Amino acid sequence: MTPTNRERIWQVIDAIPAGKVSTYGTVAAMAGLPRQARAVGKYLAELPVGSKIPWYRVINAQGKISFPVASTRFLKQKQLLEVESVRFTNNKVNLKVFLWQGD
DNA sequence: CATTTGACTTGTG
DNA sequence: CCACAAGCCAAAT
């Protein structure tokens, strides 16, 4: 069965361990789709509600959440990560510590 | 087939 | 650190 790019990306995201995060660019690269960071965001946007995919473990290359700081989605994502002990400093994650790039 | 769009990234000032 | 520009590329229109 030929996996669609969307499925590859979801699979990669599903493999991100709790307490870690990954960036759009990194996820795309790990899915074998370099330079498709934007596509990652697009696919996540299509993610069905209630999906088991840990979409919140994906942030941008700046170590920040790609949503307006005031938005509900931003706060929800930040909370979910903090619960997994991902530390935020000035609304930013230290990727040197929390970025996941494989096993 | 041309254009727009987007949960991005990197460089510059 | 913030703003803006350019680069990038698959999907949707």
Side-chain angles (χ1 to χ4, degrees):
Chain A
M1 151 86 203
T2 62
T4 62
N5 293 348
R6 177 175 53 197
E7 292 174 316
R8 297 186 183 214
I9 286 171
W10 285 355
Q11 187 184 331
V12 170
I13 295 173
D14 196 42
I16 301 174
K20 289 286 180 179
V21 300
S22 196
T23 70
Y24 298 90
T26 300
V27 167
M30 290 196 296
L33 303 168
R35 289 187 256 324
Q36 287 194 61
R38 314 177 75 146
V40 173
K42 179 178 297 196
Y43 295 136
L44 284 183
E46 303 178 356
L47 211 49
V49 180
S51 168
K52 65 171 188 173
I53 305 298
W55 57 272
Y56 54 86
R57 295 189 190 141
V58 183
I59 61 181
N60 65 32
Q62 323 293 310
K64 297 194 290 187
I65 290 173
S66 294
F67 286 122
V69 183
S71 68
T72 304
R73 281 155 123 189
F74 175 96
L75 296 173
K76 188 161 97 184
Q77 179 166 14
K78 186 181 178 185
Q79 278 181 18
L80 287 167
L81 288 175
E82 289 181 318
V83 167
E84 300 187 337
S85 53
V86 171
R87 308 282 205 93
F88 276 79
T89 304
N90 295 327
N91 276 340
K92 281 180 302 189
V93 172
N94 183 334
L95 295 179
K96 290 288 188 183
V97 178
F98 297 103
L99 177 62
W100 180 76
Q101 314 182 64
D103 290 312

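Side chains are part of it too, since the values below use all heavy atoms of this structure and drop only hydrogens, waters and symmetry mates. By convention in this document, chain letters (A, B, ...) are assigned in the order of the sequence lines, proteins followed by strands, and residues within each chain are numbered from 1. Keep in mind that this is a model prediction, so the values were computed, not measured.
- For the segment residues 87-100 of chain A, no residue has any heavy atom less than 4.0 angstrom from an atom of DNA chain B.
- To the nearest 0.5 Å, atoms CH2 (W55(A)) and CD1 (I16(A)) are separated by 12.5 Å.
- Listed by chain and number, the residues in a side chain to side chain contact (heavy atoms under 4.5 Å, CB included) with V86(A) are V21(A), L81(A), F88(A), V93(A), F98(A) (sequence neighbours excluded).
- Legend: residues meeting side chain to side chain contact (heavy atoms under 4.5 Å, CB included) with Q101(A), ordered by chain and number and at least two apart, are L99(A).
- Residue pairs meeting the salt bridge (Lys or Arg N to Asp or Glu O under 4.0 Å) criterion with at least one member in residues 9-36 of chain A: none, sequence neighbours excluded.
- Scanning residues 8-36 of chain A for heavy-atom distances under 4.0 Å to DNA chain B yields T23(A), Y24(A), G25(A).
- Heavy-atom minimum distance, P68(A) versus F74(A): O-CB, 3.1 Å.
- Between I9(A) and V27(A) there is a side-chain heavy-atom pair separated by less than 4.5 Å.
- The two atoms that bring Y24(A) and A37(A) nearest to each other are CB-O, 3.7 Å, heavy atoms only.
- Side chain of Q11(A) to main chain of A31(A): no donor-acceptor pair is present (N/O by atom type, distance under 3.5 Å, no hydrogens or angles).
- Considering only residues two or more places apart in sequence or on other chains, P34(A) meets the side chain to side chain contact (heavy atoms under 4.5 Å, CB included) condition with none of them.
- The list of salt bridge (Lys or Arg N to Asp or Glu O under 4.0 Å) pairs with a residue in residues 64-83 of chain A, not counting sequence neighbours, is empty.
- For the pair V83(A) and L80(A), the minimum side-chain heavy-atom distance is 4.5 Å or more.
- Evaluation of the salt bridge (Lys or Arg N to Asp or Glu O under 4.0 Å) test over residues 83-103 of chain A, restricted to residues two or more places apart or in two chains, returns R57(A)-E84(A).
- Once you apply a 4.0 Å limit to the heavy atoms of chain A, the touched nucleotides of DNA chain B run 5' to 3' over dG6(B) to dT10(B).
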Can you list the steps and then say if W10(A) with S51(A) is a side chain to side chain contact (heavy atoms under 4.5 Å, CB included)? CA-CA 10 Å; W10(A) 285 355; S51(A) 168; over 6 Å; no
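- Contacts between residues 39-73 of chain A and DNA chain B, counted as heavy-atom distances below 4.0 Å, involve G41(A), L44(A), A45(A), W55(A), N60(A), A61(A), Q62(A), S66(A), F67(A).
- Put simply, CD1 on I53(A) and CG on L44(A) are 9.0 Å apart, with the number rounded to the nearest 0.5 Å.
- Residue pairs that meet the side-chain hydrogen bond (donor to acceptor under 3.5 Å, both in side chains) test with at least one member in residues 37-46 of chain A, sequence neighbours left out, are R6(A)-E46(A).
- Once you apply a 4.0 Å limit to the heavy atoms of chain A, the touched nucleotides of DNA chain C run 5' to 3' over dC1(C) to dA11(C).
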